[in-house]
Amino acid sequence: MRPDRLLQSGPFQGLSRERVATAMGLVSAAAIILLAGPMEAFAAPQVVDSPDYRTFPWMGSRVIMWVTAELHLMFAAFVLAVPMFAVIIEIIGYVSGDKRYDALAYEFTKLLSVSFSFTASLGAMLTFLLVILYPRLTDYLISIFSWTFIPYVALFFLEAIFLYSYYYGWGKFNPKFHIFLGIMLNIVGTGIMFIADAWLTFMNTPAGISETGELVSLSAAFMNPMWMPINIHRIIANVAFGGSVAAAYAAFKFLGAKTQEEKAHYDWMGYIGNFIAIAALLPLPFAGYWLGKEIYGFSQSLGITLMGGTFSWLFIIQAVLIGNLFLAANYYLWVSMERIEGAERFRPMIKYLLITIAACFIVWATPHSLVASVEEARKMGGAHHPVLGVLGVMSAKNTAVNVLILTTFLSFLLYRRGNKEPTVSWAKTGNYAQIGIFAATVIYVVFLGVYGYFVEASVRIGLSVPQVLSVLACMAAVITIDIFMYRGAKITGKIRWGDMPARSQYALFFIALTFAWTMGLMGYVRAGMRQHWHVYGVMEDVSVDAFTPTLGFASNVVSVIVLIFFVFIAVVFWLAGLSSKKPWEPKGPATEEATA
C-alpha cells in the first residue's frame, strides 16, 4: 500500500507536512544545538505538495543516504563503545589503586569529544536527507514512531551532559561520583541505541500494524522480532569495533612516540584495545546466529534471501574478512609474546596454532557453489565441486568457526601465562583438566559438524546451538581453572612494554580497517535483504533505485565509506593529541639565538 494512503486512512489521518517537519526538526535540533549553541528556532515550513522521491545530483539519492547513514553508524558505534570499557578500566584503577588504569581510561575518553561532534553532525545530515529525498517514507515512519522522538531527544541531551561532564570532570570530582557519571553515560547511550534500533528493525520485520499498515500497537512495533537480537549484536559489535579503533589510535601514537616511556604507555594501550576487540569478537558469531534465527522465524523468504540467495557470496567475503581478523589478532598476540621474558617456551606451539587457524579459515571461506565455465561445470558434474562442495555447507562452516574461536582463546591463554609459573600443588592436575576440556570440546564440535551431513536441514541448523554452548562452556571452565591455578603465581620474567616491532602496530591498523569494512558490508546486507521494499511487505519502493545493488558496486561504495571514516578518525586522532603538546610561543630574538 502506498504511504500517502496509509497516512490518509490511518489513525494519523490529517498528519500535515508541518508536523512531520517539526518532529524531524526536533531530532536535528538536538544535534545542531550541541554543536552551534543557542540559535533561533526553525522557521515553520510552508505546506507544499511534495513528490514521493527527490533526486540527489551526481551520486543519486540512495548512495548519499547510504554513505551518510553508514558513517553516522560507525561514529555512533565508536561513541557508544568507548565509554563502556573506559568506565570499567577506571573502576579497575579505583579498586586497585593503580593510577595507570586511570590514565589509560582518560586516554580513551579523549577520543570521545570530537567523535561525538562527528556523530551529531552526521545524524543531523541523515535526518535532513530523509526528509528531503524520501518524504513519503519519512511520513510513514513518523506516523508509527512519533512518540519515541521525545525520549530520544531527551536522552540525546542527557548524553551530551554526561559525556562532557565525564570528560571535563576528570580529576575534578570525587572518584565515585565520576564513575557514576560514566555509568549514566553508558545507560543513556544504550537507551538511544535501543530507540534508533526500533526504527531500523521495523523496516525489516514490521510488527504492531494492521494488514493495511496502520499502527495498532506502538510497543509491538518498537519491540519487533529483530529488535532485541540486533540490540545485543550491536552492543557486542560496537565494543569490538571501538576497541579496535582505540588500539589503532594507540598504534598511531606508538609509531610517533619519541621516548621509551611513551612507547611503553601506547604499547600497553594498544594491547588493552586489541584485547577488548578480540574478547568481544569471540561471542559475536553467536549473537549473529540469534539474529539470523529471528529473521528466519519472521519470514523464511527473508531468511533465504539473506543467506541462500543474492547475498550468499557476500558471506564468503565476510568469512574472508573475519578470518583475516582472527589471523591478525593471533599474529599480534604471538608477536607480543616476544616482549615477555619466559614466553619463549611456548614458541614451538605457534606453528600448530597457525596451521589450525589456516585450515579453519580455508573451510570457512569455501563457497558452496563455484563460478565455473560450462566445460568446468560438466567436468565437476554441476556447480558444486565433488570434494570442496562438502566444505561449503553450514555444518563445515559452523565447525570451522567454533574451532577458530577455541584456537584464538588458546593463543590468549598462552600469552597470559608467558612469564608465570603456577605455585599451587594441583597445577599438573589443572593442566591435564584444561587439556581434557579442550580436547573433549573439539571432538564434540567436530562430531556435531559431521553428524549434520546425515540429518535434515531443520535438525542441522539446530546443531549450531550445542556447538556454541559447548565452546562457551569450555572457555568459561578453562579460564576459571586458570585464574585459580595462577593465583599467587611465580613471576619468571618481566614484560618489556614498548619493545615491539613496528609490524605489530600495522597489525592493529589492519584489524581496525577490517572491522570497519565488515561492518559496512553487513549494513548493506541488512538493508539489501528487503529488496524492493522500504518497509518489508508494507511499503514498496517505487523509486528508480528499487533493485538490489550488485555485490561489486556495494563493495566499492563500502570501501569509499571506510576510507572517508578513517580520514575523519585521523582528524580525531590529531585533535586528541593536541592536548599533550606544549603551548605555542612566538619565536623572538631569544628563541632564535637559542636555536642558533
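Taking the six-membered ring where the residue is Trp, the centroids of F565 and F241 are separated by under 6.0 Å. Aromatic rings of W517 and F566 (six-membered ring for Trp) have centroids beyond the 6.0 Å cut-off, not under it.
Nearest heavy atom pair, residue I437 against residue A477, reads CD1-CB, 4.0 Å. Between A250 and G270, the shortest heavy-atom contact is CB-N, 3.4 Å. Contact detail for A512 and A248: the closest heavy-atom pair is CB-CB, 3.9 Å. Between Y536 and N204, the shortest heavy-atom distance links the atoms CB-O, 3.4 Å. Between G273 and A247 the shortest heavy-atom distance is C-CB, 3.9 Å. Considering every non-hydrogen atom in both F75 and T119, the closest pair reads CB-OG1, 3.3 Å.
Under a 3.5 Å cut-off, the side chain of Q434 and the backbone N or O of V478 do form a donor-acceptor pair. Side-chain N or O atoms of R487 include none that pairs as donor or acceptor with a backbone N or O of V424 at under 3.5 Å. Looking only at distances, a side-chain donor or acceptor of K397 sits under 3.5 Å from a matching main-chain atom of W364. Looking at E344, its side chain does come within 3.5 Å of a backbone N or O of G342 through a donor-acceptor pair.
Inter-residue side-chain proximity for L281 and F515 is flagged as met; some heavy-atom pair is nearer than 4.5 Å. Residues K293 and Y296 have side chains not in contact (no heavy-atom distance under 4.5 Å, counting atoms from C-beta outward). Side-chain atoms of Y352 and L410, non-hydrogen and from C-beta on, never get closer than 4.5 Å to each other. Residues M84 and I88 have side chains not in contact (no heavy-atom distance under 4.5 Å, counting atoms from C-beta outward). Side-chain contact check for L80 versus R234: every heavy-atom pair is 4.5 Å or farther apart. Under the 4.5 Å side-chain criterion, counting only non-hydrogen atoms from C-beta, T399 is not in contact with L448. Between L321 and L521, the closest side-chain pair of non-hydrogen atoms falls below 4.5 Å. Annotation: side chain of L354 is in contact with side chain of L327 (closest heavy-atom distance under 4.5 Å).
Ring planes of F409 and F438: tilted class, angle from 30 to 60°. Relative ring orientation between F194 and W227 is described as perpendicular, the plane-to-plane angle rising above 60° on a 0-90° scale split at 30° and 60°.
A cation-pi contact, defined as under 6.0 Å to the ring centre and within 45° of the axis, is absent between R503 and Y331.
Interatomic distance, Y486 OH to I481 CD1, rounded to the nearest 0.5 Å: 12.0 Å. Here the straight-line distance linking atom CG of D499 with atom NZ of K494 works out to 9.5 Å at 0.5 Å rounding. With values rounded to the nearest 0.5 angstrom, F510 atom CZ is found 4.0 Å from N324 atom CG. Atoms CZ and CG, from R417 and L413 in turn, are 5.0 Å apart once rounded to the nearest 0.5 Å. Within the model, atoms CD1 of I89 and CZ of F85 stand 6.5 Å from one another, a figure rounded to the nearest 0.5 Å. Taken from CE in M475 to CG in D482, the straight-line distance is 14.0 Å, to the nearest 0.5 Å.
Looking only at atom types and distance, the side chain of Y249 has a donor-acceptor partner in the side chain of E107 under 3.5 Å away. In this structure, a donor-acceptor pair under 3.5 Å is present between the side chains of N330 and S411.
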Steps toward side chain to side chain contact (heavy atoms under 4.5 Å, CB included) verdict (L255, Y266):
CA-CA 9 Å; L255 294 174; Y266 288 113; over 6 Å; no

Run the salt bridge (charged side-chain N to carboxylate O under 4.0 Å, His left out) test on D267 and R339 for me, step by step, so that the C-alpha distance in whole Å, both residues' side-chain angles and the decisive distance to 0.1 Å come before the verdict.
CA-CA 11 Å; D267 182 16; R339 61 161 132 74; 2.9 Å; yes

Would you check, one step at a time, whether the test side chain to side chain contact (heavy atoms under 4.5 Å, CB included) holds for E294 with T205?
CA-CA 9 Å; E294 290 300 322; T205 55; over 6 Å; no

Checking side chain to side chain contact (heavy atoms under 4.5 Å, CB included) for the pair L508/F254: CA distance, chi angles, key distance, verdict?
CA-CA 11 Å; L508 296 180; F254 178 92; over 6 Å; no

Going through the distances and angles, do I511 and N274 end up as a side chain to side chain contact (heavy atoms under 4.5 Å, CB included)?
CA-CA 9 Å; I511 290 171; N274 185 60; 3.4 Å; yes

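Other residues, nucleotides and ligands contribute over 12 non-hydrogen atoms within 6.0 Å of the NZ atom of K351. Counted within 6.0 Å of OH on Y506, heavy atoms from surrounding residues, nucleotides or ligands total 12 or fewer; the atom is thus considered open. Open room surrounds OH on Y451; 12 or fewer heavy atoms of other groups in view lie less than 6.0 Å from it.
Of the listed residues (W334, Y271, F346), just one forms a ring pair (Phe, Tyr, Trp, His ring centres under 6.0 Å) with Y415, and that residue is Y271.
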